[in-house]
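Read the numbers this way: they start at 1 and go in the same order the structure lists the ligands and their atoms.
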Amino acid sequence: MKLSIRPGDITTLAVDAVVNAANSQLQVGGGVDLAINRAGGPGIQAEARRIRIDQYPDGLPAGQAVATTAGDLPARWVIHTVGPVYSPTEDRSATLASCYRESLRLAASLGAASIAFPAISAGVYGWPIDDAARIAVETSRAMAHEVGRTVKEVIFVPFGEEAVRAYETALAR
Ligand code: APR
């Protein structure tokens with residue numbers, strides 16, 4: 001399993017699975033969620049809404065993941081995962097790590113050979129980017145033995161200069 005960095009807009013990537021930093025209601029919010037839904041069209045939200053009503057009437061818990069069509073994106077699936085809101089007083093990093101684990105497991109079950117992750121929780125949800133990038137890289141690396149036979153490429157997509165540096169540091173560790 002190869003880990004790499006590709007800075008920029010995740011909606012342009014021709015990968016099998018694009019991961020969305022969603023919310024529990026699977027309703028379109030801001031940030032990367034809005035970008036994915038805008039670029040991918042209404043099919044994504046329609047399927048996400050169906051999944052929420054049928055399978056998660058109380059909302060998709062943080063740390064879990066579900067897949068929908070990627071609509072008009074150059075990807076096959078969007079994997080929606082809900083990151084934890086950052087808390088300076090409570091350690092929620094196990095939940096953030098779970099987002100990466102469950103997304104990778106779902107990708108493998110779909111047969112996705114490539115997957116692209118934004119920095120989950122590092123926007124609206126306030127997670128410091130250095131720590132978010134460290135958790136992303138460490139958790140994904142540790143999943144190679146479990147999903148590496150199917151998922152050959154994990155691409156981290158930093159948005160902005162600070163995020164690029166954070167992922168470079170995390171990958172070099
Ligand atoms: N491509 C890649 N990364 C992006 C893009 C994009 N087009 N747009 C934003 N980002 C980056 C942000 O810079 C941030 O580093 O994605 C990271 C995650 O930020 P958010 O999208 O705000 O996600 P998060 O912090 O997990 O908050 C989730 O925000 O949009 C709502 O519905 C979403 O309520 C949920 C919450």
Q) What distance do Glu146 atom CD and Arg101 atom CZ have between them, rounded to the nearest 0.5 Å? A)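 These two atoms lie 9.0 Å from each other.
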
Would [X] count as a polar contact of ligand 1, with the cut-off being nitrogen or oxygen pairs under 3.5 Å?
| X | result |
| --- | --- |
| Gly30 | yes |
| Ile10 | yes |
| Val124 | yes |
| Thr11 | no |

Of the protein's non-hydrogen atoms, which lies at the shortest distance from [atom], and what is that distance?
| atom | answer |
| --- | --- |
| atom 26 (O) of ligand 1 | Ser121 N, 2.8 Å |
| atom 2 (C) of ligand 1 | Gly8 O, 3.5 Å |
| atom 4 (C) of ligand 1 | Phe159 CG, 3.5 Å |
| atom 27 (O) of ligand 1 | Tyr125 CG, 3.4 Å |

Q | Arg105/Glu102 ion pair, N-O < 4.0 Å | A |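 A salt bridge links Arg105 with Glu102.
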
Q: Could you go through the side chain to side chain contact (heavy atoms under 4.5 Å, CB included) check for Leu106 and Ser109 one step at a time?
A: CA-CA 5 Å; Leu106 184 52; Ser109 77; 3.7 Å; yes

Distance under 4.0 Å to a non-hydrogen atom of [X]: what atoms of ligand 1 satisfy this?
| X | result |
| --- | --- |
| Ala35 | 7 (N) |
| Gly29 | 30 (O), 32 (O) |
| Asp9 | 1 (N), 6 (C), 7 (N) |

For [Y], does its backbone N or O pair with a side-chain atom of [X] as donor and acceptor, under 3.5 Å?
| X | Y | value |
| --- | --- | --- |
| Glu47 | Thr69 | yes |
| Ser24 | Pro61 | no |
| Ser121 | Val85 | no |

Q: Might you work through the side chain to side chain contact (heavy atoms under 4.5 Å, CB included) test for Leu171 and Tyr167, ending with a clear yes or no?
A: CA-CA 6 Å; Leu171 266 190; Tyr167 278 96; 5.7 Å; no

Q | Common cluster, Val18/Val157, ILVMFWY with side-chain heavy-atom separation under 4.5 Å | A |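 Yes; Val157 is reachable from Val18 via cluster members.
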
Return the option from [options] holding the heavy atom at the smallest distance from [atom].
| atom | options | value |
| --- | --- | --- |
| atom 9 (C) of ligand 1 | Ile120, Val32, Val85 | Val32 |
| atom 15 (O) of ligand 1 | Pro84, Ala119, Pro118 | Ala119 |
| atom 33 (C) of ligand 1 | Ala21, Gly123, Gly31 | Ala21 |

Q | Side chains of Ile115 and Val15 in contact at under 4.5 Å (non-hydrogen atoms) | A |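 With C-beta onward as the side chain, the pair stays apart.
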
(Q) side chain to side chain contact (heavy atoms under 4.5 Å, CB included), that's the test. Do Asp130 and Thr169 meet it? Break it down for me. (A) CA-CA 8 Å; Asp130 288 342; Thr169 304; over 6 Å; no

Q. Does ligand 1 have any atom that is closer than 4.0 Å to a heavy atom of Pro158?
A.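 No.
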
Q: Tell me, please: is Gly83 in heavy-atom contact with ligand 1, that is, under 4.0 Å?
A: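 It does not, in that no heavy atom of Gly83 comes within the 4.0 Å cut-off of ligand 1.
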
